[in-house]
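Counting starts at 1 for both ligands and their atoms, following the listed order. Index from 1, following the sequence. Computed over heavy atoms, backbone and side chain alike; hydrogens, waters and symmetry mates excluded.
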Amino acid sequence: MNRIAVLTSGGDAPGMNAAIRAVVRSAVYYNLKVYGVYRGYKGLIDGSLTEMDASSVADIIHKGGTILKSSRSEEFRTAEGRSKALKVLKEHQIDGLVVIGGDGSFRGAQELSEMGIKTIGIPGTIDNDLNYTEYTIGFDTAINTVLEAVTKIRDTSSSHEKATIIEVMGRRCGDLALYAGVAGGAESIIIPEEPGNIETIIAKIIQGKERGKLHHIIMLAEGSGNASDLQKKLLEQADVNARITVLGYIQRGGDPTSFDRILASKMGVRAVELLLNKKTNQVIGIKNNSLFNMDITESLSAERTFDRELYKLTEILSF
Ligand SMILES: Nc1ncnc2c1ncn2[C@@H]1O[C@H](COP(=O)(O)OP(=O)(O)O)[C@@H](O)[C@H]1O
Ligand SMILES: O=P(O)(O)OC[C@H]1O[C@](O)(COP(=O)(O)O)[C@@H](O)[C@@H]1O
Ligand SMILES: [Mg+2]
């Protein structure tokens, strides 16, 4: 193994830069040539890559987004697209690739591994929707971003005694809504893992009203529906005129927290060390504060572990 490359793919996540830095710096430390591929798999197909050195990643550990840019590539999903990408890697004599991204990006890495390129996946997504690992890079920062918004919305919703629905990203995973909801003291949390019953929420709002409490924060994970549908239901079924806030892309930006920077740094170094040990088709994860690696294919079929106890806290603490 002499030459490796690194790319970021799918939705960007705070901490991706810290991971790129760790991959590049550890490659330099271990005397490997390292390339940065721009725009994920799209850039790999187009041959958009550059050699990097220690100073290419100076001053980025604290920055959100990704200096390598990211994209979603339909072409890479096709065998034709992937063989173009393979050709580019071969032309540059690159035999190891670190893919920083989510589940979709890992499926791509799995395909490349089958084509003879040694691939290692680093989990980078705000969704925390990779079942094999407790945390993904970017999730902690996104929780704090959502929490900051919830805290501000709480001020105004309590002053005006309004119910507020806050719609949060996460695809089919409710973790972002759950963690930020518990930390923000939300009265209701609606997530796909625990299909919320609208009647239960309405009953809770009515109970609150009877006690003179008029404000009510509802955290809604995007995987459980959209805020305006829920707003309509609340109006029709409970005569509650809720305000809505869809947080959107603000959740993907911002400076990474210390947790995400440290996680990214550890994972970046581990990825290069795995390549040096000729490993392929592996992903890196963290459990009980300890880093591990496992087969990509197995990781993608890992069963979802959902923190039901955390969910239950809302029932006990917020009414
Ligand atoms: N089954 C697949 N085979 C090959 N490439 C894939 C596959 N699924 C996704 N990809 C590639 O990975 C990219 C990122 O995946 P996506 O699901 O959008 O984001 P994420 O990796 O953050 O989950 C896709 O645009 C596509 O190029
Ligand atoms: O950038 P797009 O295409 O609008 O996608 C939005 C999606 O990307 C995310 O922000 C991140 O998802 P991925 O990590 O799977 O890319 C999701 O929470 C959201 O549903
Ligand atoms: Mg994903």
Restricting to heavy atoms, the pick from Arg172, Arg252, Glu222 nearest atom 8 (O) of ligand 2 would be Arg252
Among Gly10, Pro123, Ser105, closest by heavy atom to atom 21 (O) of ligand 1 is Ser105
Any heavy atom of Gln251 under 4.0 Å from ligand 2? The part involved is neither
- prompt: Can you find an N or O of Ile126 that's nearer than 3.5 Å to an N or O of ligand 2?
  reply: no
- Do Ser56 and Asp53 meet the criterion of a side-chain donor-acceptor pair at a distance under 3.5 Å? yes
Contact region, Thr125 to ligand 1, non-hydrogen atoms below 4.0 Å, reads neither
Residue, atom and distance of the protein heavy atom nearest atom 9 (C) of ligand 1 read Gly104 O, 3.1 Å
The salt bridge (charged side-chain N to carboxylate O under 4.0 Å, His left out) partners of Lys312 (sequence neighbours excluded) come to Glu315
Quiz item: Based purely on interatomic distance, does Asp103 place a nitrogen or oxygen under 3.5 Å from a nitrogen or oxygen of ligand 2?
Solution: no
In ligand 2, the atoms that come under 4.0 Å of a heavy atom of Gly170 are 18 (O)
The atoms of ligand 1 lying under 4.0 Å from a heavy atom of Gly102, numbered in the order shown, are 20 (P), 21 (O), 22 (O), 23 (O)
Under 4.0 Å from one or more heavy atoms of Ser73, ligand 1 contributes atoms 24 (C), 25 (O), 26 (C), 27 (O)
Inset, instruction - Examine the side chains of Asn281 and Thr297 and answer whether a donor and an acceptor come within less than 3.5 Å of each other. - result: yes
Connected to Ile61, directly or through other members, by ILVMFWY side-chain contacts below 4.5 Å are none
- Would you say Asp129 has any N or O atom under 3.5 Å from an N or O of ligand 2, going by distance alone? no
Under a side-chain separation threshold of 4.5 Å, the hydrophobic residues clustered together with Leu97 are Leu7, Tyr35, Val37, Tyr41, Leu44, Ile45, Leu49, Phe76, Leu86, Val88, Leu89, Ile94, Val99, Leu112, Met115, Ile117
Quiz prompt | ligand 2 contact by Gly11, heavy-atom criterion under 4.0 angstrom | solution = yes
Per-atom filter on ligand 1: closer than 4.0 angstrom to a heavy atom of Gly11 are 22 (O)
Given a cut-off of 2.8 Å, the protein N, O or S atoms lying below it from the Mg ion (ligand 3) are Asp103 OD1
